[in-house]
Q: 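Before I ask anything, let me first share the structure, which is written out below as structure tokens.
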Amino acid sequence: MTITIKTDIVLEEEIKKSKFICQLKRVTSEEEAREFITSIKKKHHKASHNVSAFVIGDHQEIQRSSDDGEPSGTAGVPMLEILKKRELIDVVAVVTRYFGGIKLGAGGLIRAYAGSVNHAIDAVGLVEIVEQTQLDIVMGYHLFDSVSRYLSKEALPIADTAFTDQVTVTCFCDTTQMALIIAGLTDQFHGQLQLTKGDKKLVEVPL
């Protein structure tokens, strides 16, 4: 399963008079992640800390974190652990802290930085990136209504319909389910349908 954030987000909260600003951004490379971190540090150059973490790659192959001056292990690593625990990929998180005068202690810092990322993830929502394959279904006019009902029952939305000497209905199906879908259509309509697989595409499905 490939999961990432629905979109970029900025979420601000106050913890014991310190201001924590969490920014999450979708990225596709380590270079892009580092450029974003640099831009936040420039924007918030007067902040006490700009702590960062990111995970990149379909299997979280690239993982990095920085405490940016906070006590070792109290900031960047807890943020990274949240990204990993939520099974996210291709996301960079930067939490900017403006110190409010009250020390939080190691446990308090861990809770603050991890919580800041967790709250931002909850606020923005997640999507699963799914590979889908085009399926063209060619049939006689007499089958169109029953095929349409079957596709609706199977939660397979019709993307396009073309009426010529026959009817061609186009759907996009999860690639991993394609064999089952074709088998179901073939069985239900006793081989009367002409089924052709087409191009693949990536789609984002809200979780």
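Atom set for the values below is all heavy atoms of this structure, side chains included, hydrogens, waters and symmetry mates excluded.
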Q: Should L109 and F99 be counted in the same cluster of Ile, Leu, Val, Met, Phe, Trp and Tyr side chains packed under 4.5 Å apart?
A: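 They do not share one cluster, since no chain of ILVMFWY contacts under 4.5 Å joins L109 to F99.
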Q: Do you know which two heavy atoms are closest between G100 and S18, and how far apart they sit?
A: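 G100 and S18 have their closest heavy atoms at N-OG, 2.9 Å.
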Q: Taking all non-hydrogen atoms of both residues, which atom of N50 and which atom of A47 are closest, and how far apart?
A: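 Looking at all heavy atoms of both residues, the shortest contact is ND2-CB, 4.2 Å.
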Q: Decide side chain to side chain contact (heavy atoms under 4.5 Å, CB included) for E154 and I181; before the verdict, give the C-alpha distance in whole Å, the side-chain angles of both, and the deciding distance to 0.1 Å.
A: CA-CA 9 Å; E154 295 296 316; I181 292 165; over 6 Å; no
Q: Measure the spacing between OG of S52 and CZ of R64 and express it to the nearest 0.5 Å.
A: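 That separation rounds to 11.5 Å.
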Q: With rounding to the nearest 0.5 angstrom, report the OG1 to CG distance, T74 to L104.
A: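 The distance works out to 9.5 Å.
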Q: Identify all side-chain donor-acceptor contacts of residues 188-201 below 3.5 Å with residues at least two apart in sequence or on another chain.
A:
residue : atom : partner : partner atom : Å
Q192    : NE2  : F189    : O            : 3.2

Q: At their closest point, which heavy atom of V124 faces which heavy atom of K6, and how far apart are they?
A: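 Looking at all heavy atoms of both residues, the shortest contact is O-CB, 3.6 Å.
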Q: Distance-only criterion, 3.5 Å: show the donor-acceptor pairs between side-chain atoms of residues 33-44 and protein atoms not counting sequence neighbours.
A:
residue : atom : partner : partner atom : Å
R34     : NE   : E30     : OE2          : 3.1
R34     : NH2  : E30     : OE2          : 2.9
T38     : OG1  : R34     : O            : 2.9
S39     : OG   : F36     : O            : 2.6
H44     : ND1  : Y98     : OH           : 2.9

Q: Report yes or no: do M79 and I9 belong to one cluster of Ile/Leu/Val/Met/Phe/Trp/Tyr joined by side chain heavy-atom distances under 4.5 Å?
A: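 Yes: a chain of side-chain contacts under 4.5 Å links M79 to I9.
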Q: Could you state the interatomic distance from CD (E12) to CZ (F20), rounded to the nearest 0.5 Å?
A: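 One finds 11.5 Å between CD of E12 and CZ of F20.
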Q: Verify the cluster assignment for L202 and I56: are they in a single hydrophobic cluster under the rule of side-chain heavy atoms below 4.5 Å apart?
A: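 Per the 4.5 Å side-chain linkage, L202 and I56 are not co-clustered.
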Q: Indicate if V167 and I158 have the same hydrophobic cluster label, given that clusters are the connected sets of ILVMFWY residues with side-chain heavy-atom separations under 4.5 angstrom.
A: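 Hydrophobic grouping puts V167 with I158.
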Q: Side chains of residues 111-118: which donor-acceptor pairs under 3.5 Å do they make with residues two or more places apart or in other chains?
A:
residue : atom : partner : partner atom : Å
Y113    : OH   : E70     : OE2          : 2.6
N118    : OD1  : R86     : NH1          : 2.4

Q: When you compare the side chain of L135 with that of L185, does any pair of heavy atoms fall below 4.5 Å?
A: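 Of all side-chain heavy-atom pairs linking L135 with L185, at least one is under 4.5 Å.
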Q: Taking all non-hydrogen atoms of both residues, which atom of V51 and which atom of S66 are closest, and how far apart?
A: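 That closest heavy-atom pairing would be CG1-O, 3.0 Å.
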Q: Ignoring hydrogens, what is the shortest heavy-atom contact between I121 and L83? Give both atom names and the distance.
A: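 So the two residues come closest at CD1-CD2, 4.3 Å.
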Q: List in chain and number order the residues that pass salt bridge (charged side-chain N to carboxylate O under 4.0 Å, His left out) with K84, two or more places apart in sequence or in another chain; answer none if no residue qualifies.
A: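 In terms of salt bridge (charged side-chain N to carboxylate O under 4.0 Å, His left out), with neighbours along the sequence ignored, K84 is linked to E81.
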Q: Side-chain donor-acceptor pairs under 3.5 Å in residues 168-176, sequence neighbours left out?
A:
residue : atom : partner : partner atom : Å
T170    : OG1  : D136    : OD1          : 2.8
D174    : OD1  : Q132    : NE2          : 3.0
T175    : OG1  : E131    : O            : 3.2
T175    : OG1  : E131    : OE1          : 3.1
T175    : OG1  : T133    : OG1          : 2.8

Q: Only distances under 3.5 Å count here; give the side-chain donor-acceptor pairs of residues 146-153 to other protein atoms, sequence neighbours excluded, each with its distance to 0.1 Å.
A:
residue : atom : partner : partner atom : Å
S146    : OG   : L143    : O            : 3.0
S148    : OG   : F144    : O            : 2.9

Q: If you apply the rule side chain to side chain contact (heavy atoms under 4.5 Å, CB included), what do you find for T4 with V127, and how did you get there?
A: CA-CA 6 Å; T4 192; V127 291; 3.8 Å; yes
Q: Mind listing the closest non-hydrogen atom pair of L24 and A93 along with its distance?
A: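 Heavy atoms only, the tightest pair is CD2-CB, 3.4 Å.
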Q: Kindly say whether I5 contributes a backbone atom to a donor-acceptor pair with the side chain of R26 at under 3.5 angstrom?
A: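 Yes: the side chain of R26 pairs with the backbone of I5.
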Q: Does V94 share a hydrophobic cluster with V10, counting links as ILVMFWY side-chain heavy atoms below 4.5 Å and allowing steps through other members?
A: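 No, V94 does not connect to V10 through the hydrophobic network.
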Q: Answer yes or no: does atom CD of E31 have more than 12 heavy-atom neighbours from other residues, nucleotides or ligands under 6.0 Å?
A: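 No - once you tally the heavy atoms of other residues, nucleotides and ligands closer than 6.0 Å, there are 12 at most.
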Q: Without swapping roles, check the side chain of Q60 against the backbone of L88 for a donor-acceptor pair under 3.5 Å.
A: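 It does hold such a pair.
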Q: Measure the CG-CD1 distance between D90 and I129 for me, rounded to the nearest 0.5 Å.
A: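 Result: 6.5 Å between the selected atoms.
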